[in-house]
Amino acid sequence: MSVNGEAVRVTTETDRTDEPGWEVDPDDDWALAVVATVGRQLRLRREAAGMRVGDFAVAVGYSDDLVYKIESGKRIPRPEYLDTADELFNAEGLISAMKEDVKKVRYPKKVRDLAQMEGRAVELQLYDPLNVHGLLQTPDYARGLLLMRRPAYSAEEVERFISARVARKTIFERDPAPELSFVLEEWTLRRPLGGKARLRHQLEHLLEVGQLRNVELQVMPMDREEHAGLAGGIEVLKFEDGSMVGRSAAVANGQPVSEPRQLRILELRYGIIRAQALTPRESAAFIEQLLGDT
């Protein structure tokens with residue numbers, strides 16, 4: 001394949017200049033640095049190959065303007081963009097290898113930090129009183145939730161958050177797999193946010209995840225007369241070296257904590273919540289019943 005501007009590959013891909021979710025967060029210094037470095041490398045490779053912006057834009061199926069934005073660090077390149085550039089410039093995988101770093105910067109910083117901790121944890125105890133936990137949400141269900149936020153998220157923000165939640169799901173593919181415990185509120189499984197079709201698919205997904213050997217799903221019924229989770233959600237992550245980190249709106253204003261006394265409180269509350277909820281077997285039967293009624 002020639003890169004002299006005469007024999008480049010013309011693709012039929014739709015130009016994605018205006019597609020949301022690929023802008024760089026201006027407040028994320030690390031993301032800005034990564035995208036700027038990638039853009040600079042792409043520009044240097046293109047110039048070294050003697051290829052003009054217009055010719056390269058035709059080859060990758062993007063507009064000239066989008067190529068300029070990527071090379072100037074204002075736009076996050078898609079994985080297929082990097083693969084095409086690697087092929088055009090005979091980079092032997094060096095450009096394609098940047099996909100891993102680029103993939104990470106698509107997600108908000110706080111989500112990256114959370115995903116990093118989740119990726120190291122050997123045990124996770126998770127309770128969300130307001131929604132199906134993010135690690136359990138289908139992309140379509142997550143979109144329905146995000147579109148209801150007020151003030152409304154921009155289209156770009158919605159896509160970034162959805163991509164981040166999908167990326168966090170790699171925790172289910174780890175080997176060895178971490179132990180995952182979730183407690184779900186019954187009302188979050190009944191309310192058809194975004195439509196009944198979304199809810200049905202979400203319930204089906206919960207049943208599938210609940211069959212994994214390392215996952216326990218428990219439902220807290222609405223008719224319980226005792227409930228230890230009224231102070232808010234709980235997250236407790238345990239690591240291989242014995243250390244732990246926890247988070248709850250009721251402790252340290254929702255900031256991550258590692259102080260033993262605060263962790264003891266979180267573990268105590270979570271343990272009581274689990275004892276008050278349905279067992280995993282009872283919860284699966286309960287979700288199946290809800291699915292049949294939806």
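No experiment lies behind these values; they were computed from the predicted model shown.
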Test side chain to side chain contact (heavy atoms under 4.5 Å, CB included) on Val60 and Leu66; report intermediate values, then the result.
CA-CA 11 Å; Val60 295; Leu66 184 54; over 6 Å; no
Output, in order, the C-alpha distance, side-chain angles, deciding distance and verdict of side chain to side chain contact (heavy atoms under 4.5 Å, CB included) for Arg45 and Leu94.
CA-CA 11 Å; Arg45 289 273 185 174; Leu94 294 178; 3.4 Å; yes
Take Arg274 and Glu216 through the salt bridge (charged side-chain N to carboxylate O under 4.0 Å, His left out) test and state the conclusion after the steps.
CA-CA 10 Å; Arg274 290 191 67 182; Glu216 287 193 339; 2.3 Å; yes
Candidate pair Glu240 and Arg120, rule side chain to side chain contact (heavy atoms under 4.5 Å, CB included), full reasoning
CA-CA 8 Å; Glu240 190 171 12; Arg120 294 191 297 110; over 6 Å; no
Derivation of the side chain to side chain contact (heavy atoms under 4.5 Å, CB included) call for Asp101 and Thr37
CA-CA 11 Å; Asp101 288 330; Thr37 299; over 6 Å; no
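Salt-bridge formation is detected for the pair Glu80/Arg78: a Lys NZ or Arg NE/NH1/NH2 atom is positioned less than 4.0 Å from an Asp or Glu carboxylate oxygen.
Of the possible polar contacts, one joining the Arg46 side chain to the Met51 backbone as a donor-acceptor pair under 3.5 Å is found. Within the 3.5 Å criterion, the main-chain N or O of Asp140 finds a donor-acceptor partner in the side chain of Arg198. In terms of modelled atom types and a separation under 3.5 Å, the side chain of Gln202 and the main chain of Thr138 share a donor-acceptor contact. Using modelled atom types, no side-chain atom of Glu185 and backbone atom of Trp187 make a donor-acceptor pair closer than 3.5 Å. Between the side chain of Asn214 and the main chain of Pro178, a donor-acceptor pair closer than 3.5 Å is present. Using modelled atom types, one side-chain atom of Gln276 and one backbone atom of Ala228 make a donor-acceptor pair closer than 3.5 Å. Counting only distance, with no hydrogens or angles, the side chain of Arg269 and the backbone of Gly229 share no donor-acceptor pair below 3.5 Å. Proximity of a side-chain donor or acceptor of Asp83 to a complementary backbone N or O of Ser96 within less than 3.5 Å is not detected. The main-chain N or O of Ser154 is found under 3.5 Å from a side-chain atom of Glu157 such that the two form a donor-acceptor pair. Judged purely by atom type and a 3.5 angstrom limit, Ser243 has no side-chain atom pairing as donor or acceptor with the backbone of Phe239.
Rounded to the nearest 0.5 Å, atoms CG (Leu217) and CG (Leu180) are 9.0 Å apart. Taken from CG in Leu124 to OG in Ser181, the straight-line distance is 9.5 Å, to the nearest 0.5 Å. One finds the CD atom of Glu267 at 12.0 Å from the CD1 atom of Ile272 (value rounded to the nearest 0.5 Å). Leu130 CG to Thr188 OG1: the interatomic distance, rounded to the nearest 0.5 Å, is 9.0 Å. Atom CG of Leu291 and atom CG of Leu199 lie 8.5 Å apart (nearest 0.5 Å). Put simply, CG on Leu136 and CG on Leu184 are 6.0 Å apart, with the number rounded to the nearest 0.5 Å.
Heavy-atom minimum distance, Leu42 versus Ala85: CD2-CB, 3.8 Å. When all heavy atoms are compared, the tightest approach of Thr84 to Ala59 is CG2-O, 4.2 Å. Minimum heavy-atom separation, Val158 to Leu147: CG2-CD2, 4.1 Å. Considering every non-hydrogen atom in both Ser248 and Gly233, the closest pair reads OG-O, 2.8 Å.
Annotation: Tyr81 is in aromatic contact with Phe56 [ring centroid separation under 6.0 Å].
The environment of Phe172 atom CZ is dense: over 12 non-hydrogen atoms of other residues, nucleotides or ligands sit within 6.0 angstrom. The local environment of CZ in Arg174 is crowded, with over 12 non-hydrogen atoms from other residues, nucleotides or ligands closer than 6.0 Å. The environment of Glu47 atom CD is dense: over 12 non-hydrogen atoms of other residues, nucleotides or ligands sit within 6.0 angstrom. Within 6.0 Å of the CG atom in Asn253, the count of heavy atoms belonging to other residues, nucleotides or ligands does not exceed 12. More than 12 heavy atoms of other residues, nucleotides or ligands sit less than 6.0 Å from atom NZ of Lys169. Counting non-hydrogen atoms of other residues, nucleotides and ligands closer than 6.0 Å to CZ of Arg224 gives a total above 12.
Both Ile273 and Leu266 belong to a common hydrophobic cluster when Ile, Leu, Val, Met, Phe, Trp and Tyr are linked at side-chain heavy-atom distances under 4.5 angstrom.
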